[in-house]
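What follows is one structure encoded as structure tokens, with my remarks underneath.
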Protein chains: 2
Amino acid sequence: MDPVTIKDIAHALNLSTSTVSRALRDSYEISPETKRLVMEYAERLNYRPNPIALSLKGNSSKALAVIVPQIANNFFSQAINGIEAIAYNRGYHVIIFQTHESYEREVANVQQAMARRVDGLLLSLSSETADVAHLKSVISQNMPLVLFDRVSAELPVTQVVADNFGGAYAATSHLLQTGRRRIAHLTIPPYLSIAQERLAGYRAALEQYGVPYDESLVRYGTFGPDEAGTLVDELLALSPPPDAFFTASDRLALGCLAALRQRNIDVPGQVALLSFTNSQSAHLLNPPLSTVTQPAQEIGQLAAERLIEQIERKSKSTGPSTMKLPTTLVVRESSQPLPKLVI
Amino acid sequence: MDPVTIKDIAHALNLSTSTVSRALRDSYEISPETKRLVMEYAERLNYRPNPIALSLKGNSSKALAVIVPQIANNFFSQAINGIEAIAYNRGYHVIIFQTHESYEREVANVQQAMARRVDGLLLSLSSETADVAHLKSVISQNMPLVLFDRVSAELPVTQVVADNFGGAYAATSHLLQTGRRRIAHLTIPPYLSIAQERLAGYRAALEQYGVPYDESLVRYGTFGPDEAGTLVDELLALSPPPDAFFTASDRLALGCLAALRQRNIDVPGQVALLSFTNSQSAHLLNPPLSTVTQPAQEIGQLAAERLIEQIERKSKSTGPSTMKLPTTLVVRESSQPLPKLVI
DNA sequence: TTGTAGGCGTTATCAG
DNA sequence: CTGATAACGCCTACAA
């Protein structure tokens, strides 16, 4: 019960493989009669061209590689959702790789994807990645590449990100407007572009409000298990302690909230909490979590669209560009104005 | 800067392609000297065999298809995480397809995967899928297939699921033990194996406690947006209204909680809420959500392992079997005993 | 020990 | 209009 090939059809119909091939592609040089014959027979046998043979021939595999740190993460799973939707519509398949935040794994995955002869690469950097030589090599081999979310300014490629600066600025401003002055920033490893941009937005807002930047209020997580507890403790030990937390991810937000609750810190009475997050249940938490939301699915879609464009018209007409999608600040109870102002 | 091929190496070294091929595979019939030469040169040029050519030749693509209803779903993204981990270790790649709960899309995806000549299929049925002819055809073509989570008894293949009956039984028993008697069951479409098993567990527990089964307390969602609100309203309109909700998914649990809260229903005072869920923040909700958790990642891992076994020793030594992984009931505040017993 | 030839499924080129 | 042939990259009889 092996798959039907053109050869099978040719044999059965006493035609040559080239005639059958042309008939199937509805070539103008084939007689209507023969076309009909071939088409019908192919239909009956449920003929499907072998995409592997096509790839080998045409140098196009109709497959995209998606390389992300973690699939089991609200942001990335939503982004992949967007990518898959676009890819499917354009006839591409999506091959998934996880780096598990490891640089080595990222390099290995990129090589594997190249070896697979994918038509293009969508990538979000691991938190360990400081050196992007492996991606420069990808570019020098003319492999279409689009970065999303965690990008690198060193790479002259199209990049799709959320407006992290704007989101962090809005978040911090909101906290300042509601009377907070000692705003801790709990964030992800500093190599990451998004960490830098969020930090910049945070600092810009502080400056705008004349609040001096205090380095000791900024802490970097490392994706370790239960790290939020430690960081929260360190911050609470400061004097004066923070009156607000601005966290940079789902994980940190939930970890931070759990830690605060466990230590019987009143949120938002003692400290407010506001986070970058794509968690579906932010509004159901106690207290509801104010958030800056990234349009994860749209980022995935846009990145996939740009990649496919790049693949299909290999003309370098449009150079690399960075596309920023707006984030959404949603204020929920947890960051409402302080009853009595601190300072 | 095209990828290096065996031919390139052969040319450069004045050897034939077959010699190079054999040298690279470390064949015994090649002189150590030649081997060294070839190996070193290949190394320098960073030669990588073209997997597409290998596939075309060998009939093995080293790729697995994973077909799920939705990637952006805690359960599935965790399961895929497990799948990818195993696949990566065994040298397989993972190609992702989403059915978006559509039967047609599922059929199309299965065909695409077959056309891609993947080595095996991991699938979780869409909620619309009543007819599994497309999968019988997969089996009849000798394509390795493993179902997980949403399975079908009609198919003689290996299936990996959580103990849905046991989980539902434990959940319902817990609610009964804490004094609830009118337990509503808000669940997913009835075609799904997991819906049936959960319903069976629910009924078994009721029977065990001598509480008559009331069909009007069971409602089926359809993955529509904001459907929980309607269902909750219908249930609350019953007389007597339910004193507990047992929901079958993340989505339903969060939707239900939001609806209850919006209607100012005290949870767990008026109604308790307990759910099948893989949400990472169940313990942070207000009130903390008691849950039955499926070992999503382990299900993915086990399914991938079984599939790869099946692929690699094509011997049909081990027939199809159904593997049930235990679920975990975690009781949190929301289903604590009722202060005053309802009856 | 190495080389030659054929084939995996398809398409493109060139002849009839 | 249709057919033979070569090629994509690799492997494997079979020859030498």
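Source: prediction; values computed, not measured. Each chain gets a letter, A, B and so on, in the order the sequences are listed, and its residues count up from 1.
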Original post:
Salt-bridged, A/Glu40 to A/Arg44, with N to O below 4.0 Å?
Top reply: no
Subject >> Sequence-distant partners of B/Phe223, ring pair (Phe, Tyr, Trp, His ring centres under 6.0 Å), two or more places apart >> reply: none
Original post:
With sequence neighbours left out, what residues match A/Glu101 under salt bridge (Lys or Arg N to Asp or Glu O under 4.0 Å)?
Top reply: A/Arg150
**OP:** Quick one, give me the B/S/- string for nucleotides 10-16 of chain C, reading 5' to 3', where B means a protein heavy atom under 4.0 Å from the base and S means that only happens at the primed atoms, P, OP1 or OP2.
**Re:** BBBBB--
Original post:
So what does B/Thr34 hit on the nucleic acid, given a heavy-atom distance under 4.0 Å: a base, only sugar-phosphate, or nothing?
Top reply: sugar-phosphate
Subject >> Terminal contacting nucleotides, 5' and 3', DNA chain D versus chain B (heavy atom, 4.0 Å) >> reply: D/dC8 to D/dC14
Subject >> Rounded distance (Å) that lies between atom C1' of C/dG3 and atom CG of B/Leu13 >> reply: 15 Å
Subject >> Where A/Ala10 and A/Ser16 come nearest, the two heavy atoms and their spacing >> reply: CB-C, 3.8 Å
Original post:
What's the shortest heavy-atom distance between B/Asp149 and B/Ser124, and which atoms?
Top reply: CB-OG, 3.6 Å
Subject >> Salt-bridge contact A/Lys136-A/Glu154 (side-chain N to carboxylate O under 4.0 Å) >> reply: yes
Original post:
With a 4.5 Å limit on heavy-atom distance, are the side chains of A/Tyr88 and B/Gln98 in contact?
Top reply: no
Original post:
Under 4.5 Å between any side-chain heavy atoms of B/Ile52 and A/Ser61, yes or no?
Top reply: yes
**OP:** Quick one: label B/Ile52 by what it contacts on the DNA or RNA (base, sugar-phosphate, nothing), any heavy atom closer than 4.0 Å.
**Re:** nothing
**OP:** With axes from five pairs an end, tell me the bend angle of the helix from C/dT1-D/dA16 to C/dG16-D/dC1, nearest 10°.
**Re:** 60°
**OP:** Can you sort out the partners of B/Tyr191 under ring pair (Phe, Tyr, Trp, His ring centres under 6.0 Å), two or more places apart, ordered by chain and number?
**Re:** none
**OP:** Map A/Leu56 and B/Tyr28 onto DNA chain C by nearest heavy atom, then report which one ends up closer to the 5' terminus.
**Re:** B/Tyr28
**OP:** Answer yes or no for B/Arg116 and B/Phe97: cation-pi contact, defined as NZ/CZ to six-membered ring centre under 6.0 Å and angle to ring axis within 45°.
**Re:** no
